[in-house]
Amino acid sequence: MTRISITVDGVRYDDDVQPRTLLVHHLREQLGKVGTVVGCDTSNCGSCTVLMAGESVKSCTVLAVQADGTEITTVEGLAGSGGLHPVQQAFHDRHALQCGFCTPGMIMAAVDLIAENPDPSDQEIREGLEGNLCRCTGYQNIVRAVHDAAAAMRAGDAVPEPASVSDGPMPGTPDAEPDAAEPTPVPVEAVPRPVP
Ligand code: FES
Ligand code: FES
């Protein structure tokens, strides 16, 4: 086992992990972050996409130990007291999903895409999301949603502070609000346990 410390959606977690544990399994099974989805066994679908140090990564291609010391944002950390993140709002407004299985990864990839290119063309959106597969909608509404979100963010729509930071502790974490400058370690017994 290897001791790692990662900050997920604004909350620091210290855990012992097997060296072979994938980040996506650590997020889901040890931290209860089940909004991050496993959609394939081949690193193709992108459903597991999260932001690691601000960059989108497929969390099934990263070992948990490789994330040691980093900040991770999952889809569960995007919304805050100010409401949905503009990308989430645009996916909702454009109905850019059917079953929703791909949606967390699509949203996280889109957040990174817009951060790098605030005014992407249709082609740039399609290329930016090419690592994320949607099995059921066709992509037109997803492209429209990303356009809308980019426009909203250019117009100054606020990106909410992560819910875990602005709205107080996550369930199962200590009462004290995490200190961004000097995070408080989370006791092992306070970390959400695997979801059945
Ligand atoms: Fe499919 Fe990660 S679960 S790419
Ligand atoms: Fe079903 Fe994308 S909404 S896979």
Side-chain angles (χ1 to χ4, degrees), residues 2 4 6-9 13 15 17-79 84-116 120 122-150 152 192-196:
T2 302
I4 64 168
I6 59 177
T7 300
V8 182
D9 299 336
Y13 297 88
D15 275 297
V17 298
Q18 297 278 0
R20 67 173 183 272
T21 300
L22 298 175
L23 177 59
V24 67
H25 292 145
H26 180 60
L27 291 171
R28 289 178 56 83
E29 294 165 16
Q30 277 190 275
L31 308 188
K33 293 284 181 178
V34 293
T36 301
V37 179
V38 178
C40 71
D41 283 329
T42 54
S43 303
N44 280 328
C45 75
S47 298
C48 61
T49 302
V50 300
L51 302 183
M52 185 164 97
E55 306 248 328
S56 63
V57 296
K58 292 178 177 179
S59 59
C60 72
T61 66
V62 178
L63 294 169
V65 293
Q66 291 176 297
D68 184 26
T70 66
E71 287 202 24
I72 304 289
T73 304
T74 77
V75 72
E76 296 176 50
L78 286 184
L84 295 178
H85 186 285
V87 175
Q88 293 174 305
Q89 188 64 55
F91 269 66
H92 175 268
D93 293 344
R94 285 292 191 175
H95 194 66
L97 60 121
Q98 285 184 25
C99 77
F101 205 79
C102 66
T103 305
M106 284 283 183
I107 286 175
M108 300 313 292
V111 168
D112 187 30
L113 168 67
I114 295 170
E116 290 186 6
D122 267 19
Q123 186 62 26
E124 288 168 335
I125 292 171
R126 290 178 187 277
E127 288 176 2
L129 298 182
E130 68 183 359
N132 293 73
L133 304 180
C134 175
R135 297 163 176 85
C136 48
T137 71
Y139 293 89
Q140 196 55 43
N141 281 356
I142 292 171
V143 173
R144 289 184 181 125
V146 176
H147 272 303
D148 285 1
R193 291 299 101 197
V195 173

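Just so you know, ligand 1 is whichever comes first in the structure, and atom 1 is the first atom listed for that ligand. Computation of the quantities below employed the complete heavy-atom set of this structure, encompassing side-chain atoms and omitting hydrogens, waters and symmetry-equivalent molecules. Because the structure is a prediction, the values reported are computed rather than measured.
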Trainee: Identify the protein heavy atom lying closest to atom 2 (Fe) of ligand 2, giving its residue, its atom name and the separation to 0.1 Å.
Mentor: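 For this ligand atom, the closest protein heavy atom is C102 SG, 2.1 Å.
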
Trainee: To which protein heavy atom is atom 4 (S) of ligand 1 closest, and what is the distance rounded to 0.1 Å?
Mentor: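 The protein heavy atom lying closest is G46 N, 3.2 Å.
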
Trainee: Let me check your reading of the structure: within less than 2.8 Å of atom 2 (Fe) of ligand 2, is there an N/O/S atom from C136?
Mentor: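 Checking C136: none of its N, O or S atoms is under 2.8 Å.
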
Trainee: Quick one: nearest non-hydrogen protein atom to atom 3 (S) of ligand 1, plus distance?
Mentor: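 Going by distance alone, atom 3 (S) of ligand 1 is nearest to G39 N, 3.3 Å.
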
Trainee: With a cut-off of 2.8 Å, does C40 place any N/O/S atom under that distance from atom 1 (Fe) of ligand 1?
Mentor: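 Under 2.8 Å: C40 contacts atom 1 (Fe) of ligand 1 through an N, O or S atom.
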
Trainee: Does the side chain of H25 pick up a donor-acceptor pair with the side chain of E29 at under 3.5 Å?
Mentor: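 No, because no side-chain N or O of H25 sits under 3.5 Å from a partner of the opposite role on E29.
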
Trainee: When you look for heavy atoms under 4.0 Å from ligand 1, do you find them on the side chain of C45, its backbone, both, or neither?
Mentor: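 Both of them.
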
Trainee: To the nearest 0.5 Å, how far apart are CG in D68 and CG in D15?
Mentor: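 Nearest 0.5 Å value for the CG-CG distance: 11.0 Å.
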
Trainee: Under a 4.0 angstrom heavy-atom cut-off, which atoms of ligand 1 come close to C60?
Mentor: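 Contacts of ligand 1 toward C60, numbered from 1: 2 (Fe), 3 (S), 4 (S).
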
Trainee: Testing the basics here: between S59 and V50, what is the closest heavy-atom pair and its distance to 0.1 Å?
Mentor: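 Residues S59 and V50, closest heavy atoms: CB-CG2, 4.0 Å.
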
Trainee: With a 4.0 Å heavy-atom cut-off (strictly under), which part of T42 contacts ligand 1: side chain, backbone, both or neither?
Mentor: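 The answer is neither; T42 stays 4.0 Å or more away.
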
Trainee: Main chain of V34, side chain of E76: is a donor-acceptor contact present, judged purely on distance under 3.5 Å?
Mentor: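 Yes, E76 side chain to V34 backbone: donor-acceptor pair under 3.5 Å.
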
Trainee: Are V75 and Q88 side-chain neighbours, meaning at least one heavy-atom pair lies under 4.5 Å?
Mentor: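 With C-beta onward as the side chain, the pair touches.
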
Trainee: In the structure I gave you, are the side-chain heavy atoms of V143 and R126 within less than 4.5 Å of one another anywhere?
Mentor: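 The answer is yes, as the side chains (C-beta and beyond) meet within the 4.5 Å cut-off.
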
Trainee: N/O/S atom of C99 under 2.8 Å from atom 2 (Fe) of ligand 2, yes or no?
Mentor: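 It does not: C99 brings no N, O or S atom closer than 2.8 Å to atom 2 (Fe) of ligand 2.
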
Trainee: Please say which of N132, D112, L113 ends up in a side chain to side chain contact (heavy atoms under 4.5 Å, CB included) with S56.
Mentor: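 It is D112; the other options fail the test.
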
Trainee: Show which atoms of ligand 1 fall inside a sub-4.0 Å distance from at least one heavy-atom site of S43.
Mentor: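 That gives atoms 4 (S) of ligand 1.
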
Trainee: I'd like to check which ligand 1 atoms, numbered from 1 as shown, lie under 4.0 Å from a non-hydrogen atom of C48.
Mentor: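 Checking each atom against C48, I get 2 (Fe), 3 (S), 4 (S).
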
